[in-house]
Protein chains: 2
Amino acid sequence: MDLIAIPNLSERIRSVVRERIVNGDLAADSRINEVHLARDLEVSRTPLREALNALVAEGALVTKPRRGFFVRPLSAEEFQQIYPIRALLDPEALRLSGLPTAERILRLKAMNQALEDEPDAEQRILLDDAWHLEWVADCPNLILLELIRQFMLRTRRYELAYFRDPRNLATACDDHHRMLTAARDGDLERVIEALKLNLTHGIEPILEWLGEGKRPKEVHNQEE
Amino acid sequence: MDLIAIPNLSERIRSVVRERIVNGDLAADSRINEVHLARDLEVSRTPLREALNALVAEGALVTKPRRGFFVRPLSAEEFQQIYPIRALLDPEALRLSGLPTAERILRLKAMNQALEDEPDAEQRILLDDAWHLEWVADCPNLILLELIRQFMLRTRRYELAYFRDPRNLATACDDHHRMLTAARDGDLERVIEALKLNLTHGIEPILEWLGEGKRPKEVHNQEE
DNA sequence: AAATTGAATACTGTATACAATTTGACCATG
DNA sequence: CATGGTCAAATTGTATACAGTATTCAATTT
């Protein structure tokens with residue numbers, strides 16, 4: 001019997017649309033035209049609407065009754081609210097997980113290396129998320145993990161800019177390294193401190209980016 | 001123009017179904033038959049499915065592709081995971097909010113009195129939630145507030161048993177009182193400590209309840 | 001008697017159709 | 001030239017229809 005549940009169409013649509021929002025293909029604040037988007041994706045409106053509703057729950061969209069779905073704009077305000085929450089959730093999950101096993105430390109080391117070598121910004125985000133999840137893989141509080149995953153999705157749009165800059169990548173990998181050495185010393189509290197620092201380092205550069213140029217694409221919703 | 005957005009059918013359905021889950025009208029672990037439930041609610045399946053998907057995001061239901069929606073059972077495990085998260089979120093929100101104004105303290109005092117006098121368990125939950133939200137009303141992190149509200153909904157099913165017992169109500173009001181006196185003394189840290197204690201007090205009795213009798217109603221999904 | 005297969009049935013997932021509401025353009029009016 | 005009203009087109013919300021997938025249960029085989 002199905003151990004891996006095959007996602008249905010609406011779940012696949014959700015991923016695709018989320019991608020488009022993250023990339024800016026669907027401009028911030030723009031209204032989503034269900035008919036056009038459905039035609040573009042070559043699906044009907046029903047599963048599309050299910051996907052859009054799910055994205056509302058994720059915080060990527062907002063919905064106004066009888067007006068439609070709108071892309072939640074990237075904003076310094078939202079970002080300044082989301083990131084501190086991760087800095088609250090992640091350390092707690094790590095504390096509950098305890099120190100990683102020697103085997104896991106090895107894996108983490110390899111993952112960090114892969115991150116350092118990765119040229120593509122989007123892949124870097126995925127690797128970074130995987131890295132953080134690996135630390136808390138043994139966390140007994142599954143709902144907390146669910147929550148962390150949810151917030152990883154919400155921060156994704158912002159992190160794209162962060163991981164494009166090699167200097168930021170270097171900072172991140174450095175922080176990660178500090179976590180690893182603390183773990184090898186068996187000092188959980190120091191690991192947690194390093195994690196908090198890591199999560200804090202992201203804030204400044206992203207706020208800067210949000211302040212200045214913001215996003216390039218603006219109007220361009222989707223073609224007719 | 002519409003300051004208060006009138007909810008559409010699917011949003012209203014969501015509330016109704018959530019209610020039924022909380023009450024146990026839809027038994028834990030039972031599969032939801034969309035056709036029957038739609039007929040029962042006198043709506044079509046489309047908005048019902050939108051509502052059910054939203055409830056999945058809320059954690060009240062789970063969905064298995066091509067199998068359908070299932071009522072997430074109340075379990076000691078889930079509860080033990082949810083409550084500590086509230087004990088993480090609420091104090092942080094309170095810290096960000098700062099001490100309440102004298103005016104707000106008065107209002108809180110009145111709210112606690114109302115809670116103490118309330119005979120109905122369901123109303124008590126609503127009043128208790130309102131009480132907690134009043135403390136953090138000034139929290140600048142709106143997303144954190146959103147999250148707290150979300151978890152209030154998730155804990156609701158469990159708290160019903162808690163607030164039925166007058167002894168638990170007394171304990172809660174007592175904790176609340178302690179928070180108020182600490183606030184009047186201008187000692188935020190002591191308020192936060194009292195809040196943590198308040199949130200912790202709920203755990204034991206509910207676990208006990210979950211261990212023994214559990215819920216009365218069991219089979220009874222919905223009538224044909 | 002137990003296991004297995006296969007057809008009938010029930011149910012979910014998706015598409016389409018229809019109703020209700022909003023939007024925007026056009027024109028009349030001050 | 002601005003303002004407001006009316007109507008058509010566009011768009012969302014809901015219902016219904018259909019297709020594909022699970023489940024059930026009886027018939028058949030071992």
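Below, chain A is the first sequence line, B the second, and so on; all start at residue 1.
- Regarding A:Arg14, its CZ atom lies at a distance of 13 Å from the P atom of C:dG13, rounded to whole Å.
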(request) Walk me through it: do A:Phe79 and A:Tyr83 pass the test ring pair (Phe, Tyr, Trp, His ring centres under 6.0 Å)? (result) CA-CA 6 Å; A:Phe79 173 73; A:Tyr83 239 65; 4.9 Å; yes

(message) I need a per-nucleotide contact map over nucleotides 10-18 of chain D, read 5' to 3'. Cutoff is protein heavy atoms under 4.0 Å; write B for the base, S for backbone only, - otherwise.
(response) -SBBBBBB-

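- The pair A:Glu34-A:Arg49 counts as a salt bridge, with a side-chain nitrogen and a carboxylate oxygen less than 4.0 angstrom apart.
- When side chains are defined from C-beta on, B:Ile21 does not count as touching B:Arg18, because their heavy atoms never get closer than 4.5 Å.
- Looking only at atom types and distance, the side chain of B:His201 has no donor-acceptor partner in the side chain of B:Asn168 under 3.5 Å away.
- In this structure, the side chain of B:Arg31 does not engage the main chain of B:Phe70 through any donor-acceptor pair within 3.5 Å.
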